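Whatever order the structure lists them in is the order used to number ligands and atoms, beginning at 1. Here the structure is a predicted model, which is why all the values come from computation and not from measurement.
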Amino acid sequence: MQTWSSVSVPRVPGTPCPLRLFDTATGQIRPTAPGATAGMYVCGITPYDATHLGHAATYLAFDLVYRLWLDAGHEVHYVQNVTDIDDPLIERAQRDQDDWVVLGLRETALFREDMEALRVLPPRELIGAVESMPQIVEVVGKLLVNGAAYRADDPEYPDIYFDHRATGRFGYESNYDAQTMATLFGERGGDPERPGKRHPLDALLWRMARDGEPSWESELGTGRPGWHIECSVIARERLGHAFDVQGGGSDLIFPHHEFSAAHAEALTGQHPFARHYTHAGMIGLNGEKMSKSKGNLVFVSRLRADGVDSAAVRVGLLAGHYRQDRSWTPQLLAEAQARLARWREAASLDAGPRADDTVRRLREHLADDLDTPAALAAVDAWAGEALTRSGTDRDAPELMTAAVDGLLGLRLRS
Ligand code: 5CA
Ligand code: ZN
């Protein structure tokens, strides 16, 4: 699939800091240790609706991971998927009497525009489930042969399921207990009640065609893939095993990332699938979870249409720590706008206080599990001093402009 346009990332003077990130599997903040090229996979959108601020916050968090690795001299092989065939897409298309392909293309195009407006660095590869069908079919076939997958005991619809006990490691990524897994599996797209499965927790790999549903002919029988196998296959194909970071929102900790890892590990016998499993917190609105059922989604495209500066949206979302569940409020946006205006004014001065130490702290805070609240406070402190017109360092405004652009993705000068 076509990805989106990139922005230039200025080199930031000074010494880079190696990035430490929280890893869900071990429950610890651990150093990332990429080679010359860092590999990152972040779960992409299901394009049946516009990008809301929750999606944006998650992609911004991983944008910072990208920027810190670039700063440390790594190349980054970033892969993202688009779930361009799944139940929500089919249901929305039916509801609106739309074509699911057209709906997916339209919302993906809007997503690209939103990401560009937010100056999110594009993945090297943006890959749809539909275009990955041959690889998915091949992997599901292999899982059937090696015994990790089986056909449901249902003559009419012998769907293919993954035996979650296949690797003997199931649960290592989320660390959830059996009860929590059972609850979340049911809530997040699983089908625990489906008759004919070996175990309620087993996840769908291939759904045989039902009347009126899109399907693909294959050696598995005509049908369509389950959700987790899509990301498992795309990530492993492009990044190999033990890539550096598997990312997404915390709603994907279980079952999605647990199964994506288990599918790949059952296929190859290699462990781990990813070295870090990193998850962003959920964004709500005015203290309530943002959800379609509540109708309280704030879309990036809506804010753009209302003339809101996307840089202020970026500042507002980075004002909280990426792992914290948090709320978007009108006040948060107003504060972000004021903060950005102060920073821009300070960056436009001819001179300011020396900025080397501020840049050092900015890097240290970001490298410490993306501590953006502390990083933004460091910029505030410099800008505050600069605006008292006390500083005389003529290089400082330019240095701060480069650092805030390179590390935080925000342009202070046009
Ligand atoms: N296509 C799948 C992933 S393979 C999916 O979850 N799509 S999504 O459109 O529902 O979400 C896209 C990304 O945004 C995922 O990484 C998801 O974890 C994240 N996300 C969804 N809702 C929120 C939210 N309220 N706050 C933060 N991140 C969110
Ligand atoms: Zn995914």
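- For Ala57, the closest heavy-atom approach to ligand 1 does not fall below 4.0 Å.
- In Thr46, the parts holding a heavy atom less than 4.0 Å from any atom of ligand 1 are both the side chain and the backbone.
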- Message: For Trp206 and Ile229: C-alpha separation, side-chain torsions, deciding distance, then whether side chain to side chain contact (heavy atoms under 4.5 Å, CB included) applies.
- Response: CA-CA 9 Å; Trp206 189 257; Ile229 191 66; over 6 Å; no
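- Under 4.0 angstrom from ligand 1, there are no non-hydrogen atoms of Pro47.
- Taking His276 as the reference, nothing meets the ring-ring contact (aromatic ring centres under 6.0 Å, His included) condition, with sequence neighbours excluded.
- Considering backbone and side-chain N/O of Cys43, one or more are found under 3.5 Å from N/O of ligand 1.
- The backbone N or O of Thr24 lies less than 3.5 Å from no partner atom in the side chain of Glu173, so there is not a single donor-acceptor pair.
- The closest donor-acceptor contact from the side chain of His321 to the backbone of Gly281 lies at 3.5 Å or more, if one exists at all.
- A donor and an acceptor atom, one from each side chain of Asp191 and Tyr161, are located under 3.5 Å apart.
- Across Tyr322, Trp227, Phe62, heavy-atom proximity to atom 4 (S) of ligand 1 is greatest for Trp227.
- Judged by distance alone, the side chains of Glu113 and Ser301 never bring a donor and an acceptor atom under 3.5 Å apart.
- Salt-bridge check for Arg210 with Asp159: passed, with a basic side-chain N closer than 4.0 Å to an acidic carboxylate O.
- Near Thr83, meaning under 4.0 Å from any of its heavy atoms, are these atoms of ligand 1: 1 (N), 2 (C), 4 (S).
- Contacts of Glu230 with ligand 1, taken as heavy-atom pairs under 4.0 Å, are absent altogether.
- When only modelled atom types and interatomic distance are considered, Asp380 and Trp343 share a side-chain donor-acceptor pair under 3.5 Å.
- Considering backbone and side-chain N/O atoms, Gly249 comes within less than 3.5 Å of an N/O atom of ligand 1.
- Each of the following atoms of ligand 1 lies closer than 4.0 Å to a heavy atom of His256: 4 (S).
- For ligand 1, the atoms closer than 4.0 angstrom to any heavy atom of Tyr59 are 12 (C), 13 (C).
- Under the rule for a side-chain contact (heavy atoms from CB on, under 4.5 Å), the partners of Arg20 that lie at least two apart in sequence or sit in another chain are Ile29, Pro31.
- Using modelled atom types, one finds no donor on one side chain facing an acceptor on the other under 3.5 Å when comparing Glu258 with His228.
- In this structure, His52 is part of the shell of residues with a heavy atom less than 4.0 angstrom from ligand 1.
- Remark: the Thr46 side chain and the Trp227 side chain contain no N/O donor-acceptor pair separated by less than 3.5 Å.
- Considering only residues two or more places apart in sequence or on other chains, Trp382 meets the ring-ring contact (aromatic ring centres under 6.0 Å, His included) condition with none of them.
- Close contacts of ligand 1 with Cys231, meaning ligand atoms under 4.0 Å from a residue heavy atom, involve 4 (S).
- Residue contacts with ligand 1: Ile283 is placed with a nitrogen or oxygen under 3.5 Å of a nitrogen or oxygen of the ligand (distance criterion only).
- Numbered from 1 in the order shown, with element, the atoms of ligand 1 that lie under 4.0 Å from a heavy atom of Thr58 read 16 (O), 19 (C), 27 (C), 28 (N), 29 (C).
- Close approach of ligand 1 to Ile45 (heavy-atom distance below 4.0 Å) involves ligand atoms 1 (N), 7 (N), 9 (O), 12 (C).
- A side-chain donor-acceptor contact under 3.5 Å links Asp244 to the backbone of Gly39.
- Considering backbone and side-chain atoms together, Asn81 places no N or O closer than 3.5 Å to any N or O of ligand 1.
- Protein contacts to the Zn ion (ligand 2) involving N, O or S atoms at a distance below 2.8 Å are Cys43 SG, Cys231 SG, His256 NE2.
- Among Asp309, Asp114, Asp405, the one residue that satisfies the salt bridge (charged side-chain N to carboxylate O under 4.0 Å, His left out) test with Arg119 is Asp405.
- Those atoms of ligand 1 with a heavy atom of Gly281 less than 4.0 angstrom away are 26 (N), 27 (C).
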